[in-house]
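Data block below; observations after.
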Amino acid sequence: MKLIRRHLEKDKSGFMTLCPEQPEDMWHTYNLLQVGDVLKATTVRRVVHESATGTTSSQKVRTNLSIVVTKVDFDAQASALHANGTVCEENAYAKLNAHHTLDLELNRNFTINKPEWDAYALERVNLACDPARTAEVGAVVLQEGLAHICLLTEHMTVTRLRIEQSIPRKVRGSSSQHDKSLERFYDTVYEGVRKHLFDDVPGSDDNGTDTTGLKAILIASPGFVGEGLVKRMMTRATNDGRKDILRARPKILLVHCSSGHLFSLHEVLKSQEVVSQLADTKYAREAQLIEKFYRQMNDDETRAWYGPQHVAAAVEHGAVGTLLLTDTLFRADNVATRKKYVAMCDAVKQAGGSVAIFSSLHETGQQLAQLGEIAAILTIPLAEDDLGLGDLDLGAA
(Lines give C-alpha, C1' and ligand atoms only; values in the text may rest on other atoms or scores of the structure.)
Protein backbone atom coordinates (compact mmCIF):
# COMPACT_ATOMS: atom_id res chain seq x y z
CA MET A 1 0.00 0.00 0.00
CA LYS A 2 1.23 3.47 -0.80
CA LEU A 3 0.22 6.50 1.27
CA ILE A 4 -0.48 9.29 -1.21
CA ARG A 5 -1.78 12.01 1.10
CA ARG A 6 -2.64 12.37 4.78
CA HIS A 7 -4.50 15.20 6.53
CA LEU A 8 -5.58 14.78 10.16
CA GLU A 9 -7.00 17.45 12.47
CA LYS A 10 -6.20 17.77 16.19
CA ASP A 11 -9.42 15.91 17.06
CA LYS A 12 -8.12 12.96 14.92
CA SER A 13 -10.69 13.51 12.18
CA GLY A 14 -9.49 13.76 8.60
CA PHE A 15 -8.69 11.79 5.48
CA MET A 16 -6.01 9.63 3.92
CA THR A 17 -5.52 8.86 0.25
CA LEU A 18 -4.10 5.40 -0.36
CA CYS A 19 -3.12 3.31 -3.37
CA PRO A 20 -3.43 -0.51 -3.07
CA GLU A 21 -0.52 -2.23 -4.82
CA GLN A 22 -1.09 -5.91 -4.00
CA PRO A 23 -4.09 -8.11 -3.12
CA GLU A 24 -3.37 -8.11 0.62
CA ASP A 25 -3.85 -4.33 0.64
CA MET A 26 -7.56 -4.97 0.10
CA TRP A 27 -7.62 -6.90 3.37
CA HIS A 28 -6.03 -3.94 5.18
CA THR A 29 -8.61 -1.63 3.60
CA TYR A 30 -11.40 -3.94 4.76
CA ASN A 31 -10.09 -3.55 8.30
CA LEU A 32 -9.86 0.24 7.93
CA LEU A 33 -13.33 0.95 6.52
CA GLN A 34 -16.22 1.35 8.94
CA VAL A 35 -19.88 2.13 8.57
CA GLY A 36 -20.22 5.92 8.52
CA ASP A 37 -16.84 6.58 6.87
CA VAL A 38 -16.77 8.57 3.63
CA LEU A 39 -15.08 6.69 0.81
CA LYS A 40 -14.08 8.40 -2.43
CA ALA A 41 -12.89 6.38 -5.43
CA THR A 42 -13.08 6.06 -9.18
CA THR A 43 -16.04 3.96 -10.28
CA VAL A 44 -18.11 3.00 -13.29
CA ARG A 45 -21.73 4.12 -13.21
CA ARG A 46 -24.48 3.33 -15.65
CA VAL A 47 -26.19 6.48 -16.91
CA VAL A 48 -29.59 6.41 -18.64
CA HIS A 49 -30.43 9.14 -21.18
CA GLU A 50 -33.95 9.91 -22.39
CA SER A 51 -34.48 11.67 -25.71
CA ALA A 52 -37.20 14.17 -26.57
CA THR A 53 -39.18 11.37 -28.22
CA GLY A 54 -39.13 9.26 -25.04
CA THR A 55 -36.63 6.65 -26.15
CA THR A 56 -33.91 5.74 -23.66
CA SER A 57 -30.30 4.73 -24.04
CA SER A 58 -27.68 3.86 -21.46
CA GLN A 59 -23.94 4.09 -21.27
CA LYS A 60 -21.26 3.35 -18.68
CA VAL A 61 -19.13 6.27 -17.56
CA ARG A 62 -16.12 6.39 -15.27
CA THR A 63 -16.39 9.03 -12.57
CA ASN A 64 -15.12 9.93 -9.09
CA LEU A 65 -17.76 9.27 -6.46
CA SER A 66 -17.98 9.80 -2.69
CA ILE A 67 -20.27 7.60 -0.59
CA VAL A 68 -21.13 7.25 3.08
CA VAL A 69 -20.34 3.61 3.76
CA THR A 70 -23.22 1.42 4.95
CA LYS A 71 -21.74 -2.03 4.29
CA VAL A 72 -18.36 -3.53 3.34
CA ASP A 73 -17.82 -6.97 1.76
CA PHE A 74 -14.49 -8.71 1.26
CA ASP A 75 -13.84 -11.78 -0.90
CA ALA A 76 -10.67 -13.37 0.50
CA GLN A 77 -10.04 -15.70 -2.42
CA ALA A 78 -10.38 -12.98 -5.05
CA SER A 79 -8.98 -10.26 -2.74
CA ALA A 80 -11.86 -8.07 -3.88
CA LEU A 81 -13.49 -5.36 -1.78
CA HIS A 82 -16.97 -3.91 -2.34
CA ALA A 83 -18.27 -0.93 -0.35
CA ASN A 84 -21.99 -0.11 -0.41
CA GLY A 85 -23.29 3.29 0.53
CA THR A 86 -25.19 6.44 -0.40
CA VAL A 87 -23.77 9.25 -2.51
CA CYS A 88 -22.81 12.24 -0.34
CA GLU A 89 -21.35 14.50 -3.07
CA GLU A 90 -23.61 14.95 -6.08
CA ASN A 91 -22.14 15.11 -9.57
CA ALA A 92 -23.37 14.97 -13.17
CA TYR A 93 -23.86 11.20 -13.04
CA ALA A 94 -25.08 10.52 -9.50
CA LYS A 95 -27.73 12.26 -7.42
CA LEU A 96 -27.35 12.96 -3.71
CA ASN A 97 -28.35 9.96 -1.51
CA ALA A 98 -28.44 7.59 -4.47
CA HIS A 99 -27.22 4.08 -3.64
CA HIS A 100 -23.96 2.90 -5.17
CA THR A 101 -21.32 0.18 -4.70
CA LEU A 102 -17.66 1.11 -5.05
CA ASP A 103 -15.40 -1.74 -6.19
CA LEU A 104 -11.86 -0.83 -5.17
CA GLU A 105 -9.16 -1.71 -7.70
CA LEU A 106 -5.43 -2.31 -7.47
CA ASN A 107 -3.25 0.67 -8.41
CA ARG A 108 -6.18 3.11 -8.26
CA ASN A 109 -6.22 5.72 -5.50
CA PHE A 110 -9.05 5.95 -2.99
CA THR A 111 -9.67 8.31 -0.07
CA ILE A 112 -11.07 7.43 3.35
CA ASN A 113 -12.47 10.24 5.48
CA LYS A 114 -13.09 9.32 9.13
CA PRO A 115 -14.61 11.26 12.04
CA GLU A 116 -11.79 9.74 14.14
CA TRP A 117 -8.61 7.87 13.21
CA ASP A 118 -8.01 5.83 16.35
CA ALA A 119 -4.76 4.08 17.31
CA TYR A 120 -5.79 0.80 15.66
CA ALA A 121 -6.60 2.47 12.32
CA LEU A 122 -3.31 4.38 12.30
CA GLU A 123 -1.35 1.23 13.12
CA ARG A 124 -3.14 -0.63 10.33
CA VAL A 125 -2.12 2.06 7.82
CA ASN A 126 1.50 1.84 9.00
CA LEU A 127 1.44 -1.94 8.60
CA ALA A 128 -0.09 -1.74 5.14
CA CYS A 129 2.47 0.82 3.97
CA ASP A 130 5.49 -1.09 5.30
CA PRO A 131 7.57 -1.82 2.15
CA ALA A 132 9.07 -4.97 3.72
CA ARG A 133 5.65 -6.59 4.03
CA THR A 134 4.94 -9.31 1.50
CA ALA A 135 3.96 -12.97 1.23
CA GLU A 136 6.11 -14.84 3.75
CA VAL A 137 5.55 -18.58 3.39
CA GLY A 138 4.21 -20.98 0.81
CA ALA A 139 2.63 -24.25 1.93
CA VAL A 140 1.43 -27.46 0.30
CA VAL A 141 -0.66 -29.67 2.57
CA LEU A 142 -1.36 -33.00 0.90
CA GLN A 143 -2.21 -36.65 1.09
CA GLU A 144 -2.69 -39.11 -1.76
CA GLY A 145 -5.31 -37.56 -4.06
CA LEU A 146 -5.82 -34.31 -2.10
CA ALA A 147 -3.67 -31.16 -1.91
CA HIS A 148 -4.04 -27.55 -0.82
CA ILE A 149 -1.58 -24.93 -2.09
CA CYS A 150 -1.54 -21.87 0.17
CA LEU A 151 0.19 -18.53 0.62
CA LEU A 152 0.70 -17.23 4.14
CA THR A 153 1.19 -13.49 4.37
CA GLU A 154 1.43 -11.54 7.62
CA HIS A 155 -2.33 -11.17 7.78
CA MET A 156 -3.91 -13.77 5.51
CA THR A 157 -3.85 -17.45 4.69
CA VAL A 158 -5.07 -17.72 1.13
CA THR A 159 -5.80 -21.06 -0.51
CA ARG A 160 -4.57 -20.58 -4.06
CA LEU A 161 -5.53 -24.03 -5.34
CA ARG A 162 -7.32 -27.14 -4.12
CA ILE A 163 -6.55 -30.35 -6.01
CA GLU A 164 -8.55 -33.54 -5.68
CA GLN A 165 -7.95 -36.62 -7.82
CA SER A 166 -8.96 -40.25 -7.54
CA ILE A 167 -6.05 -42.61 -6.90
CA PRO A 168 -6.75 -46.38 -6.92
CA ARG A 169 -5.45 -48.43 -4.04
CA LYS A 170 -2.54 -50.77 -4.41
CA VAL A 171 -3.55 -54.38 -5.14
CA ARG A 172 -1.54 -57.43 -4.27
CA GLY A 173 0.94 -58.33 -6.99
CA SER A 174 0.54 -55.08 -8.98
CA SER A 175 0.84 -51.39 -8.08
CA SER A 176 1.26 -49.94 -11.57
CA GLN A 177 -2.18 -48.27 -11.68
CA HIS A 178 -1.63 -46.71 -8.26
CA ASP A 179 1.88 -45.50 -9.15
CA LYS A 180 0.78 -43.97 -12.48
CA SER A 181 -2.16 -42.18 -10.85
CA LEU A 182 0.06 -40.90 -8.04
CA GLU A 183 2.61 -39.56 -10.54
CA ARG A 184 -0.16 -37.73 -12.43
CA PHE A 185 -1.30 -36.28 -9.09
CA TYR A 186 2.25 -35.13 -8.30
CA ASP A 187 2.48 -33.51 -11.75
CA THR A 188 -0.76 -31.60 -11.15
CA VAL A 189 0.50 -30.37 -7.77
CA TYR A 190 3.84 -29.39 -9.34
CA GLU A 191 2.02 -27.28 -11.96
CA GLY A 192 0.07 -25.55 -9.18
CA VAL A 193 3.22 -24.92 -7.11
CA ARG A 194 5.05 -23.57 -10.15
CA LYS A 195 2.29 -21.08 -10.90
CA HIS A 196 1.21 -19.97 -7.42
CA LEU A 197 4.45 -20.17 -5.41
CA PHE A 198 6.92 -19.14 -8.14
CA ASP A 199 5.40 -17.47 -11.21
CA ASP A 200 2.88 -15.38 -9.22
CA VAL A 201 5.28 -14.45 -6.38
CA PRO A 202 7.91 -11.70 -6.85
CA GLY A 203 11.27 -13.37 -7.51
CA SER A 204 14.70 -13.24 -5.90
CA ASP A 205 15.59 -14.04 -2.31
CA ASP A 206 17.48 -11.92 0.25
CA ASN A 207 20.75 -12.48 -1.64
CA GLY A 208 19.31 -11.41 -4.99
CA THR A 209 19.31 -14.95 -6.39
CA ASP A 210 16.70 -15.71 -9.05
CA THR A 211 14.21 -17.87 -7.13
CA THR A 212 10.94 -17.46 -5.23
CA GLY A 213 10.77 -14.50 -2.84
CA LEU A 214 9.15 -16.69 -0.18
CA LYS A 215 11.08 -17.31 3.03
CA ALA A 216 10.12 -20.98 3.00
CA ILE A 217 7.90 -23.55 1.31
CA LEU A 218 6.34 -26.10 3.64
CA ILE A 219 5.46 -29.52 2.21
CA ALA A 220 3.31 -31.28 4.78
CA SER A 221 1.81 -34.75 4.49
CA PRO A 222 1.26 -38.05 6.28
CA GLY A 223 3.74 -40.81 5.45
CA PHE A 224 6.10 -40.32 2.51
CA VAL A 225 3.68 -38.46 0.20
CA GLY A 226 5.49 -35.13 0.64
CA GLU A 227 8.88 -36.70 -0.01
CA GLY A 228 7.54 -38.21 -3.23
CA LEU A 229 6.22 -34.81 -4.30
CA VAL A 230 9.56 -33.07 -3.73
CA LYS A 231 11.41 -35.73 -5.76
CA ARG A 232 8.91 -35.36 -8.61
CA MET A 233 9.11 -31.55 -8.44
CA MET A 234 12.90 -31.59 -8.75
CA THR A 235 12.70 -34.02 -11.68
CA ARG A 236 10.12 -31.89 -13.50
CA ALA A 237 12.02 -28.68 -12.74
CA THR A 238 15.19 -30.21 -14.22
CA ASN A 239 13.33 -31.34 -17.35
CA ASP A 240 11.60 -27.95 -17.70
CA GLY A 241 14.78 -25.95 -17.12
CA ARG A 242 13.26 -24.19 -14.11
CA LYS A 243 16.42 -23.10 -12.30
CA ASP A 244 14.39 -20.92 -9.93
CA ILE A 245 12.63 -24.01 -8.56
CA LEU A 246 15.89 -25.99 -8.31
CA ARG A 247 17.54 -23.10 -6.41
CA ALA A 248 14.62 -23.04 -3.99
CA ARG A 249 15.31 -26.61 -2.78
CA PRO A 250 17.02 -25.40 0.45
CA LYS A 251 13.84 -23.42 1.26
CA ILE A 252 11.63 -26.51 1.04
CA LEU A 253 10.86 -27.98 4.44
CA LEU A 254 9.31 -31.46 4.66
CA VAL A 255 6.97 -31.80 7.65
CA HIS A 256 4.66 -34.54 8.88
CA CYS A 257 0.95 -33.91 9.39
CA SER A 258 -2.10 -36.08 9.92
CA SER A 259 -3.94 -35.34 6.65
CA GLY A 260 -4.06 -33.25 3.49
CA HIS A 261 -6.97 -31.14 4.74
CA LEU A 262 -6.43 -27.44 5.32
CA PHE A 263 -6.89 -27.59 9.10
CA SER A 264 -3.64 -29.59 9.28
CA LEU A 265 -1.75 -26.39 8.46
CA HIS A 266 -2.05 -25.20 12.04
CA GLU A 267 -0.78 -28.56 13.24
CA VAL A 268 2.25 -28.09 10.98
CA LEU A 269 2.99 -24.58 12.22
CA LYS A 270 3.08 -25.74 15.83
CA SER A 271 5.87 -28.25 15.21
CA GLN A 272 9.23 -27.24 16.69
CA GLU A 273 10.99 -27.86 13.38
CA VAL A 274 8.82 -25.29 11.62
CA VAL A 275 8.83 -22.84 14.53
CA SER A 276 12.64 -22.72 14.53
CA GLN A 277 12.73 -22.13 10.76
CA LEU A 278 9.97 -19.50 10.69
CA ALA A 279 10.54 -17.82 14.04
CA ASP A 280 10.49 -14.33 12.46
CA THR A 281 7.15 -14.70 10.67
CA LYS A 282 3.94 -13.28 12.12
CA TYR A 283 2.00 -16.53 11.65
CA ALA A 284 4.58 -18.55 13.61
CA ARG A 285 4.59 -15.96 16.40
CA GLU A 286 0.80 -16.14 16.62
CA ALA A 287 0.87 -19.96 16.70
CA GLN A 288 3.38 -19.83 19.56
CA LEU A 289 1.23 -17.34 21.50
CA ILE A 290 -1.88 -19.51 21.16
CA GLU A 291 0.12 -22.53 22.29
CA LYS A 292 1.52 -20.55 25.23
CA PHE A 293 -2.00 -19.51 26.25
CA TYR A 294 -3.26 -23.10 26.25
CA ARG A 295 -0.21 -24.25 28.22
CA GLN A 296 -0.77 -21.52 30.79
CA MET A 297 -4.46 -22.40 31.07
CA ASN A 298 -3.50 -26.05 31.64
CA ASP A 299 -0.75 -25.26 34.19
CA ASP A 300 -2.51 -22.47 36.10
CA GLU A 301 -5.95 -21.42 34.92
CA THR A 302 -5.92 -18.32 37.14
CA ARG A 303 -3.25 -16.84 34.86
CA ALA A 304 -5.14 -17.41 31.60
CA TRP A 305 -8.55 -15.90 30.93
CA TYR A 306 -10.64 -15.61 27.76
CA GLY A 307 -13.88 -13.96 26.72
CA PRO A 308 -14.73 -10.22 26.74
CA GLN A 309 -15.90 -9.93 30.36
CA HIS A 310 -13.13 -11.86 32.08
CA VAL A 311 -10.38 -10.24 30.02
CA ALA A 312 -11.81 -6.74 30.54
CA ALA A 313 -11.79 -7.38 34.28
CA ALA A 314 -8.19 -8.59 34.18
CA VAL A 315 -7.21 -5.42 32.27
CA GLU A 316 -8.96 -3.31 34.93
CA HIS A 317 -6.76 -5.01 37.55
CA GLY A 318 -3.60 -4.23 35.53
CA ALA A 319 -2.76 -7.94 35.48
CA VAL A 320 -2.48 -8.63 31.72
CA GLY A 321 0.97 -9.46 30.41
CA THR A 322 -0.13 -10.43 26.90
CA LEU A 323 -3.44 -9.49 25.32
CA LEU A 324 -4.65 -11.57 22.37
CA LEU A 325 -7.44 -10.21 20.13
CA THR A 326 -8.81 -10.91 16.66
CA ASP A 327 -9.06 -8.07 14.15
CA THR A 328 -12.81 -8.78 13.94
CA LEU A 329 -13.31 -6.81 17.17
CA PHE A 330 -11.99 -3.65 15.49
CA ARG A 331 -14.45 -4.00 12.61
CA ALA A 332 -17.43 -3.53 14.93
CA ASP A 333 -20.07 -1.19 13.52
CA ASN A 334 -20.74 0.06 17.05
CA VAL A 335 -18.25 2.88 17.65
CA ALA A 336 -18.39 2.45 21.43
CA THR A 337 -17.49 -1.25 21.13
CA ARG A 338 -14.52 -0.50 18.91
CA LYS A 339 -13.34 2.26 21.27
CA LYS A 340 -13.61 -0.12 24.21
CA TYR A 341 -11.15 -2.57 22.65
CA VAL A 342 -8.78 0.19 21.53
CA ALA A 343 -8.79 1.49 25.13
CA MET A 344 -8.06 -2.02 26.43
CA CYS A 345 -5.05 -2.29 24.11
CA ASP A 346 -3.77 1.12 25.24
CA ALA A 347 -4.22 0.18 28.92
CA VAL A 348 -2.24 -3.06 28.54
CA LYS A 349 0.59 -1.28 26.70
CA GLN A 350 0.75 1.50 29.29
CA ALA A 351 1.02 -1.14 32.04
CA GLY A 352 4.03 -2.67 30.29
CA GLY A 353 2.21 -5.54 28.61
CA SER A 354 2.10 -6.56 24.95
CA VAL A 355 -0.79 -6.78 22.49
CA ALA A 356 -1.13 -9.28 19.63
CA ILE A 357 -3.86 -8.74 17.04
CA PHE A 358 -4.65 -11.97 15.19
CA SER A 359 -5.93 -12.06 11.62
CA SER A 360 -9.32 -13.75 11.28
CA LEU A 361 -8.06 -15.11 7.93
CA HIS A 362 -5.37 -17.17 9.69
CA GLU A 363 -6.08 -20.49 11.39
CA THR A 364 -4.72 -19.00 14.64
CA GLY A 365 -7.27 -16.17 14.47
CA GLN A 366 -10.06 -18.67 13.92
CA GLN A 367 -8.90 -20.57 17.00
CA LEU A 368 -8.96 -17.39 19.04
CA ALA A 369 -12.46 -16.65 17.72
CA GLN A 370 -13.65 -19.85 19.41
CA LEU A 371 -12.51 -18.36 22.73
CA GLY A 372 -14.70 -15.28 22.28
CA GLU A 373 -12.31 -13.31 20.04
CA ILE A 374 -10.16 -12.26 23.02
CA ALA A 375 -7.85 -13.88 25.59
CA ALA A 376 -5.14 -12.83 28.03
CA ILE A 377 -2.06 -14.29 29.68
CA LEU A 378 -1.76 -12.74 33.14
CA THR A 379 1.31 -11.64 35.08
CA ILE A 380 -0.28 -12.51 38.42
CA PRO A 381 -2.87 -15.17 39.30
CA LEU A 382 -6.47 -13.92 39.52
CA ALA A 383 -9.27 -16.27 40.52
CA GLU A 384 -12.78 -15.56 39.27
CA ASP A 385 -13.75 -14.09 42.65
CA ASP A 386 -10.78 -11.70 42.40
CA LEU A 387 -12.03 -10.33 39.08
CA GLY A 388 -15.11 -8.83 40.71
CA LEU A 389 -17.32 -9.32 37.67
CA GLY A 390 -20.41 -8.45 39.66
CA ASP A 391 -19.11 -4.94 40.37
CA LEU A 392 -17.59 -4.16 36.99
CA ASP A 393 -19.57 -2.36 34.27
CA LEU A 394 -18.32 -4.17 31.18
CA GLY A 395 -20.85 -3.08 28.61
CA ALA A 396 -21.84 -5.17 25.61
CA ALA A 397 -19.31 -7.53 24.08
Side-chain angles (χ1 to χ4, degrees), residues 27-28 30-35 74 118-124 127 154-157 266 269-270 282-397:
W27 171 245
H28 287 293
Y30 176 57
N31 282 277
L32 279 173
L33 273 177
Q34 289 181 274
V35 171
F74 178 72
D118 59 34
Y120 173 78
L122 295 173
E123 186 177 346
R124 177 64 70 167
L127 276 173
E154 281 206 352
H155 303 278
M156 298 169 64
T157 300
H266 180 63
L269 289 162
K270 286 196 302 182
K282 186 175 186 290
Y283 197 128
R285 293 192 296 272
E286 289 180 357
Q288 290 175 63
L289 276 175
I290 283 284
E291 198 63 20
K292 181 180 178 182
F293 173 80
Y294 280 123
R295 276 200 313 272
Q296 186 68 71
M297 191 162 60
N298 185 60
D299 296 341
D300 182 1
E301 63 181 15
T302 63
R303 285 177 177 264
W305 287 103
Y306 62 91
Q309 292 190 336
H310 290 84
V311 173
V315 172
E316 285 284 321
H317 283 75
V320 175
T322 305
L323 181 64
L324 289 65
L325 313 92
T326 67
D327 52 20
T328 307
L329 297 174
F330 299 95
R331 292 201 298 272
D333 290 342
N334 187 308
V335 176
T337 300
R338 179 183 169 110
K339 284 186 174 182
K340 179 179 74 173
Y341 289 113
V342 171
M344 285 173 64
C345 292
D346 290 342
V348 170
K349 289 177 181 177
Q350 287 169 10
S354 61
V355 175
I357 298 175
F358 288 58
S359 170
S360 55
L361 287 189
H362 274 326
E363 178 67 27
T364 49
Q366 291 159 19
Q367 271 197 309
L368 187 56
Q370 294 171 5
L371 298 173
E373 312 280 359
I374 185 169
I377 301 171
L378 275 54
T379 55
I380 57 173
L382 284 178
E384 188 152 14
D385 291 341
D386 299 328
L387 294 176
L389 292 179
D391 303 322
L392 188 64
D393 181 16
L394 298 166

Among all residues two or more places apart in sequence or in another chain, which pass the salt bridge (Lys or Arg N to Asp or Glu O under 4.0 Å) test with Glu123?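 For Glu123, the residues satisfying salt bridge (Lys or Arg N to Asp or Glu O under 4.0 Å) (neighbours in sequence not counted) are Lys349.
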
State which residues pass side chain to side chain contact (heavy atoms under 4.5 Å, CB included) with [X]; sequence neighbours excluded, sorted by chain then number.
X      : value
Ala119 : Val342, Asp346
Ala356 : Leu289, Phe358
Asp300 : Gln296, Thr302, Arg303, Pro381
Glu291 : Lys270, Arg295

Can you name the residues that form a ring pair (Phe, Tyr, Trp, His ring centres under 6.0 Å) with Tyr120, not counting sequence neighbours?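 Partners of Tyr120 by the ring pair (Phe, Tyr, Trp, His ring centres under 6.0 Å) criterion, ordered by chain and then number, come out as Phe330.
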
Sequence neighbours left out, what passes ring pair (Phe, Tyr, Trp, His ring centres under 6.0 Å) with Trp27? Give chain and number order.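 Trp27 satisfies ring pair (Phe, Tyr, Trp, His ring centres under 6.0 Å) with Tyr30, Phe74 once adjacent residues are dropped.
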
For the residue pair [X] and [Y], what are the closest heavy atoms and their distance?
X      : Y      : value
Leu325 : Cys345 : CD1-SG, 3.8 Å
Pro308 : Gly372 : CD-O, 3.9 Å
Leu32  : Ala121 : CD2-O, 3.4 Å

Rounded to the nearest 0.5 Å, what separates atom CZ in Phe293 from atom CG in Leu324?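 Nearest 0.5 Å value for the CZ-CG distance: 7.5 Å.
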
Taking atom CG of Leu127 and atom CG of Leu122, what is their separation to the nearest 0.5 Å?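 Nearest 0.5 Å value for the CG-CG distance: 11.5 Å.
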
Sequence-distant partners of [X], side chain to side chain donor-acceptor pair (under 3.5 Å), two or more places apart:
X      : value
Lys292 : none
Asp327 : Arg331, Ser360
Ser359 : none

Answer whether the closest heavy-atom distance between the side chains of Ile374 and Leu323 falls below 4.5 Å.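 The answer is yes; the side chains approach within 4.5 Å.
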
Look at the side chain of Thr379 and the backbone N and O of Ala319, then say whether any donor-acceptor pair between them is shorter than 3.5 Å.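 Such a contact is found between Thr379 side chain and Ala319 backbone.
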
Under a 3.5 Å distance rule, please check whether His317 uses its side chain to pair with a backbone N or O of Asp386 as donor and acceptor.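 Yes: the side chain of His317 pairs with the backbone of Asp386.
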
Once salt bridge (charged side-chain N to carboxylate O under 4.0 Å, His left out) is applied, what residue pairs with a partner in residues 355-366 remain, sequence neighbours excluded?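 The answer is none; no pair qualifies.
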
Step-by-step side chain to side chain contact (heavy atoms under 4.5 Å, CB included) determination, Leu371 to Tyr294: CA-CA 11 Å; Leu371 298 173; Tyr294 280 123; 3.8 Å; yes

Using the side chain to side chain donor-acceptor pair (under 3.5 Å) rule, collect all pairs that involve residues 364-376, keeping only residues at least two apart or in two chains.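 As it turns out, the side chain to side chain donor-acceptor pair (under 3.5 Å) pairs with a partner in residues 364-376, which skip direct neighbours, are His266-Gln367, Glu286-Thr364, Thr326-Glu373.
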
